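Here's the structure, in structure tokens; my notes come after.
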Amino acid sequence: METTNGHDKKDKKEKKEKKEKKEKKDDKKAEEADEKEKKEKKEKTETAETGDAAKKEKKDKGEEKKEKKDKKEKKDKKEKKDKANKEPKEKKDKKDKKDKKERREKRKLRKEQKLKQLADQRKKAHKIGLKGSKMLASKKRKAPAQSQTELKVLLKTEDDYEPVNRWWEREDGAESGKRGAKKWDTFEHHGLLFAPDYEPHRVPLIYDGERVELPPEAEEIAYYWTSVKGTPYETKDIFMKNFWKTFKEVLPKGSKIKDFKKCDFSLMADYREAERQKRLNRTKEEKEAEKAKNAKETEWFSYAIVNGVREKLGNYKLEPPQLFRGRGEHPKQGLLKKRTFPESVTLNIGETACVPKVVGMPGHAWRDVVHENTVQWIANFEDGLLTESKYVSFAATSGLKGQPDMLKYDRAKRLVRIIGSIRTSYEKMWTSRNVADRQKATATYFIDKLALRVGGEKDTEEEADTVGCCSLRVEHLKLTPPQTIHLDFLGKDSIRYTNSVEVAKQVFDNVQGFIKGKKQEEQVFDKISPADLNEYFKNFMEDLSAKVFRTYNASYTLQDELNKFDVSKRSQLSQEQLLQFYNDANRQVAILCNHQKAESKGHAQAMEKMKLQAKEIEQTYKRLKTHLHRLQEGKASKEAEGQKLPKDAEGTKKKMMEVKLRLHKHRTNMETREANKTVSLGTSKVNYMDPRITVAFCKKVDLAIERVFPKTVRTKFPWAMHFKSTYVFE
DNA sequence: TTAATCACTTAGTACTACTCAA
DNA sequence: TTGAGTAGTACTAAGTGATTAA
């Protein structure tokens, strides 16, 4: 048990007294500093305003008042201090506390007054500024820009800024970023924004050549169908079948609509298109006004306050009803994803916070309200179709998302240090007598070398049939001796992965052994699951799992590619060329992780056009070359006039250089476009590559960070921006 | 021990606003 | 000035991995 002796008590008393003295001193200092700042700011502001006599008088009067006020305050303070000194210790302590509180409140009040005063001044100054500018305009416009700029600078107060939430500098960051850790003590938000009601348009459907007006319920489903017009869903069998099933269910009894093929939705589709055009044709002002109106309406919902700090939310708008657009061969695509009502929503909020009202849905109520401070969601709701619940959480720019994200890159960085021992381990294990161990080692090899996802089990009746490493089937592999494996399967989002790799001889032999005697639809790694692999990884690092390998691989590859940059040639390169170098590195990562995108509609056509343009440029160059020869032989004058060619050899040479450069630029452009036609660079940038590597590279070669990180990415990684050019991912 | 659930990250698509060359 | 192409962003589907329940 802890004990306290007399000496300790004395020490404590002394310390306490010292502390109190210090606090008093600090309070006084703070007050003085406040006053000084106030005075200075006021002086500056007022000087900047106009400087005319009337204003000065006001200022003088104001100062007089302020001085009187100051004196009074000082007098009050002195009196209190004297009085306090005379009082007994206990009373004095109480009194001190009370005084401190009072002082705090006074300071707060003064601050508010100051802010109000400054805001008033700003309003005044704005008026004066306007007046001033008009006056100046009539008087030869004497440097109006300068005086106005000054006003702007001086009139900014703390009112104009929100303190930066430097969550990455918090000492408890590493702990609070972990899953299951306490996220908040106080937590409030305004609930969710429900999707607007469907508004019937009464545009008929044409059935078998006849116009049929549908009841609102059926019209709504039919109208959703027109939203997939022009997309691949329109012609997909599962989608059509499921839509028809949904549509039939809402048709009135005895409806003559019996056959999907006889349904013509074109009038509705035209109506949708007309509405879209109407929106597109709005004037700039109309668009801006609507944007501002929407922003005002949604602002209320878009932030939460976590431990007193404002944090941006992500998907606070609930998903509107629509036909489900599952990827690949998802068995449920085309079915209706129903509207979400408050009765399907559970809110998570601080115990002492006000439970937000259900806005726009009179008579409805939240399903439940909970106070879970170990999770990062503000609400969860049942999906209107799938048997899962979805979460409403914070934006990627928030601290709550940023903290674990930052830890993710540190985890991948720690993997760099132990990857050697992991490789030694699995290379030893791949010859084990135990099949499960051999499979574990071989699967780890694929995850390590090819950055494959781990590949969990899936319910193919509810989801599309896609696979990852552990769920690979015999049909997905082809083996070519001595040691090449061809992979061809549909991965996440039904994106096709094709790759032919020369693997280690032992890996080749193992895979050959695993698939021997198995049917095409049987699993290659039938003795292991993702959980087994993750358990194995825990032997090397407490928080290592299969997905860390992808982060590690992406970051390592990026750094490796960027290291190829020859700094000695830096001065010869433009920002465009530097950007291209970076994007090439980024592309290597995207290819490794198999990040794809659909080829844009006009790609082939655009490429054809570019090829023609390239030919034209080539011809121009040839023509110039011939022209130069003729000029040198003294024959070219007539042709030069007809074709607008330069009149002398020097001019022609100069023109030739220009055309050559243009051709080079054009060809590079074509190559890049072709190389990027199905490669998506953004996914690895946002999710996989350690941002510090990019920041360091940009600083090293003097490439503007905005060229590689758009605003959203920059605000997602504020913690990475201050790293130096010497940062290394190792 | 296995399956189900929960909580989170990763992913491509669709749309809009912006940019730049013709 | 226009229109094609691109960048940026909102949206939401589809993964992973830890925890809980059976």
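Letters go in sequence order (proteins before strands), and every chain restarts at 1. Remember, it's a predicted structure, so these values are computed and weren't measured experimentally.
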Whichever of A:Pro710 and A:Ser494 has its nearest DNA chain C nucleotide further upstream toward 5':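 Closer to the 5' end of DNA chain C: A:Pro710.
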
Heavy-atom nearest nucleotide on DNA chain C for A:Pro530 versus A:Gly328: which residue maps closer to 5'?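 Taking each residue's closest nucleotide, the earlier one in sequence belongs to A:Gly328.
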
Below 4.0 angstrom, which residues in residues 547-555 of chain A have at least one non-hydrogen atom near DNA chain B?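 Heavy-atom cutoff 4.0 Å gives A:Lys547, A:Arg550.
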
It should be established whether [X] places a side-chain nitrogen or oxygen under 4.0 Å from OP1 or OP2 of nucleotide [N].
{"X": "A:His595", "N": "B:dA11", "result": "yes"}
{"X": "A:Thr683", "N": "B:dG12", "result": "yes"}
{"X": "A:Tyr391", "N": "B:dT9", "result": "no"}
{"X": "A:Thr712", "N": "C:dT9", "result": "yes"}
{"X": "A:Lys291", "N": "B:dA17", "result": "no"}

Nearest of [options] to any side-chain atom of [X]?
{"X": "A:Ser680", "options": "B:dA7, B:dT10, B:dG12", "value": "B:dG12"}
{"X": "A:Arg453", "options": "C:dA14, C:dT16, B:dC8", "value": "C:dT16"}
{"X": "A:Trp377", "options": "C:dA14, B:dC8, B:dT10", "value": "B:dC8"}

Under a 3.5 Å cutoff, is there a donor and acceptor pairing between the side chains of [X] and [Y]?
{"X": "A:Gln376", "Y": "A:Ser393", "answer": "yes"}
{"X": "A:Thr298", "Y": "A:Lys317", "answer": "no"}
{"X": "A:Arg411", "Y": "A:Ser545", "answer": "no"}
{"X": "A:Ser302", "Y": "A:Glu299", "answer": "no"}
{"X": "A:Gln277", "Y": "A:Glu273", "answer": "yes"}

[X] [atom1] to [N] [atom2]: how many Å, rounded?
{"X": "A:Lys229", "N": "B:dC15", "atom1": "NZ", "atom2": "P", "result": "13 Å"}
{"X": "A:Lys685", "N": "C:dT9", "atom1": "NZ", "atom2": "P", "result": "12 Å"}
{"X": "A:Lys183", "N": "B:dC6", "atom1": "NZ", "atom2": "C1'", "result": "13 Å"}
{"X": "A:Phe489", "N": "C:dG15", "atom1": "CZ", "atom2": "C1'", "result": "13 Å"}
{"X": "A:Met607", "N": "C:dT6", "atom1": "CE", "atom2": "P", "result": "10 Å"}
{"X": "A:Tyr497", "N": "C:dG15", "atom1": "OH", "atom2": "P", "result": "16 Å"}
{"X": "A:Asn594", "N": "B:dT10", "atom1": "CG", "atom2": "P", "result": "16 Å"}
{"X": "A:Phe709", "N": "C:dA7", "atom1": "CZ", "atom2": "C1'", "result": "16 Å"}

Need one value for [X]: base, sugar-phosphate or nothing, where a base atom within 4.0 Å counts as base even if backbone is also close, heavy atoms only.
{"X": "A:Glu463", "answer": "nothing"}
{"X": "A:Thr466", "answer": "sugar-phosphate"}
{"X": "A:Ala464", "answer": "nothing"}
{"X": "A:Lys401", "answer": "base"}
{"X": "A:Ala546", "answer": "sugar-phosphate"}

Steps toward ring pair (Phe, Tyr, Trp, His ring centres under 6.0 Å) verdict (A:Phe243, A:Tyr233): CA-CA 10 Å; A:Phe243 158 70; A:Tyr233 290 112; over 10 Å; no

Report the residues that fulfil salt bridge (Lys or Arg N to Asp or Glu O under 4.0 Å) with A:Asp532, sequence neighbours left out, ordered by chain and then residue number.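 A:Asp532 satisfies salt bridge (Lys or Arg N to Asp or Glu O under 4.0 Å) with no residue once adjacent residues are dropped.
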
Using a strict cut-off of less than 4.0 Å between a Lys/Arg side-chain nitrogen and an Asp/Glu carboxylate oxygen, indicate whether [X] and [Y] qualify as a salt bridge.
{"X": "A:Glu535", "Y": "A:Lys538", "result": "no"}
{"X": "A:Glu372", "Y": "A:Lys183", "result": "no"}
{"X": "A:Asp410", "Y": "A:Arg692", "result": "yes"}
{"X": "A:Lys677", "Y": "A:Glu674", "result": "yes"}

Could you go through A:His330 and A:Phe324, starting from their C-alpha distance and side-chain angles, then the distance that decides it, and tell me whether this counts as ring pair (Phe, Tyr, Trp, His ring centres under 6.0 Å)? CA-CA 10 Å; A:His330 198 295; A:Phe324 176 64; 4.9 Å; yes

If we ignore hydrogens and angles and just use 3.5 Å, is the side chain of [X] paired with the main-chain N or O of [Y] as donor and acceptor?
{"X": "A:Asn434", "Y": "A:Ala436", "value": "yes"}
{"X": "A:His189", "Y": "A:Asn348", "value": "yes"}
{"X": "A:Ser344", "Y": "A:Arg367", "value": "no"}

Partner residues of A:Asp368 under the side chain to side chain donor-acceptor pair (under 3.5 Å) criterion, sequence neighbours left out: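 By the side chain to side chain donor-acceptor pair (under 3.5 Å) rule, A:Asp368 matches no residue at all.
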
Using the 3.5 Å cut-off, write out each protein N or O paired with an N or O of nucleotides 18-21 of chain C and the distance between them.
residue	atom	partner	partner atom	Å
C:dA18	OP1	A:Lys538	NZ	3.3

Could you check A:Lys408 against A:Lys597 and say which one's nearest nucleotide on DNA chain B is further toward the 5' end?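 Nearest-nucleotide comparison on DNA chain B picks A:Lys408.
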
Return the 5'-most residue of the pair A:Arg279, A:Tyr688 with respect to DNA chain B, ranking by each residue's nearest nucleotide.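 The residue whose closest nucleotide sits nearer the 5' end is A:Tyr688.
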
Do any N or O atoms of the protein come closer than 3.5 Å to N or O atoms of nucleotides 11-13 of chain C, and which pairs are they?
residue	atom	partner	partner atom	Å
C:dA13	OP1	A:Lys337	NZ	3.1
C:dA13	OP2	A:Lys390	NZ	2.3

Where do N or O atoms of nucleotides 3-5 of chain C meet protein N or O atoms at under 3.5 Å, pair by pair?
residue	atom	partner	partner atom	Å
C:dG5	O3'	A:Arg673	NH2	3.0

